[in-house]
Peer 1: 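Handing you a structure now.
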Amino acid sequence: MIKHKIALIGFGTVGQGFIEILLEKNFFLKNQYGFEFDVVGISDIAYGTVYNPDGLDLSEILEDICIGRSFTQDSRSWQALDLIKYSNATVLCEMTYTNLKTGEPAISHCKAALNNGKHVVTCNKGPAALAYSELKTLADSKGLRFLIEGTVMSGTPLLNMADGPLSGCEIIAAQGILNGTTNYILTRMEAGLTYENALKEAQGLGYAEADPSGDVEGYDTRGKVTIIANVVMGTSLKLEEVACNGITGITHNDIEQASLEGCKWKLIGTIKKNGNTIIASVSPEKIPLSHPLAGVMGAMNAVTFTTDLLGDVSIMGPGAGRKETGFSILNDILRIK
Ligand code: HSE
């Protein structure tokens, strides 16, 4: 296996989780997969930019973050785009905050990396929801990879399942719980917490977006629905074509009433393909306890694909989190040969 030189743009919860995994599993990864790496650069709007073509000292980097100071070693007066253009990185991990309006600055980072001969791995939903086709075509034209597993269900391998084990099946519908924060909030409200306290807990656990309205208004789920439709079902759906309602209108009374009726409220994303027509939506639904999605609790996510050859195939697993999404970055890098 080649020795990857990795650069990270954005060093928040997920980036730090990814580096922790690399440090903890260094020997396992080498023994099991022959995986060797140098992390040569990191650029973050809060901590600055560091670059060492022979590899950074990752323990020291984490120590800087832990005590809340800017990077100290190998510091450069570079912006993110300088690191992308001038570093010797072979893989760029784009992990800046998701922007589902313009996709920027992440789309520009991905384009610059691909145009400079670097593979791109990202858990950022902006480029995946708004520019997947353009970026995948650019990557293919240069013999590079544009890998996005972490954009949907964190490290739970939904997109890779469709691309790998389900190859040959046509996926004609998908239905699922795709946002960890809202599912966590609904679960904790069932246990008696207020909406505000449940949201605070979700933020503390690193599930929520920088602006949590992206979660609770359903926009994050809408981004993931769009990604599934375009990446897995081969459509060219636009975000604004997905009808979207979040959970902000769900009250304690609604939750108690549902419980009396033997039901639960869940935020459900749905995609149905009918010939060339695609219908997709995001909406809170009151589902009976017997429904397969009723038992999906906390930050867990689950999706059922309806396929032509296998019927329904479901996958359930973590939908958000530091290590859970950090793992998606590692897993995608392991796929680059
Ligand atoms: N805010 C997102 C969620 C993070 O709660 O699911 C993972 O995409």
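Each residue takes its place number in the sequence, starting with 1. In each ligand, atom 1 is the first atom listed, and ligand 1 is the first ligand listed.
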Peer 1: Could you tabulate the donor-acceptor pairs under 3.5 Å formed by side-chain atoms of residues 66-76, not counting sequence neighbours?
Peer 2:
residue	atom	partner	partner atom	Å
Arg69	NE	Asp64	OD1	2.7
Arg69	NH2	Asp64	OD1	2.8
Thr72	OG1	Asp64	OD1	3.1
Thr72	OG1	Asp64	OD2	3.0
Gln73	NE2	Asp57	O	3.0
Asp74	OD2	Asn52	ND2	3.4

Peer 1: Near ligand 1, which residues have a heavy atom under 4.0 Å away from one of its atoms?
Peer 2: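 Lining ligand 1: Lys125, Asn179, Gly180, Thr181, Tyr207, Ala208, Glu209, Asp215, Asp220, Lys224, Gly319, Ala320.
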Peer 1: Mind checking side chain to side chain contact (heavy atoms under 4.5 Å, CB included) for Ala7 and listing every partner two or more places apart, or none if nothing turns up?
Peer 2: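 Partners of Ala7 under the side chain to side chain contact (heavy atoms under 4.5 Å, CB included) test: Leu83, Ala89, Leu92.
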Peer 1: Before you tell me yes or no, could you show the steps for Glu36 and Lys5 under salt bridge (charged side-chain N to carboxylate O under 4.0 Å, His left out), namely the whole-Å CA-CA distance, both residues' side-chain angles and the distance that decides it to 0.1 Å?
Peer 2: CA-CA 9 Å; Glu36 291 186 273; Lys5 299 238 174 219; over 6 Å; no
Peer 1: Do Asp82 and Thr49 meet the criterion of a side-chain donor-acceptor pair at a distance under 3.5 Å?
Peer 2: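 No - no donor-acceptor pair under 3.5 Å links their side chains.
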Peer 1: May I ask you to check whether Thr251 and Asn253 show a side-chain donor-acceptor distance below 3.5 Å?
Peer 2: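 No pair is found: no donor N or O on one side chain lies under 3.5 Å from an acceptor on the other.
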Peer 1: What salt bridge (charged side-chain N to carboxylate O under 4.0 Å, His left out) pairs are there with at least one residue in residues 156-180, not counting sequence neighbours?
Peer 2: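 Residue pairs with at least one partner in residues 156-180: Asp163-Arg335, Glu170-Lys273.
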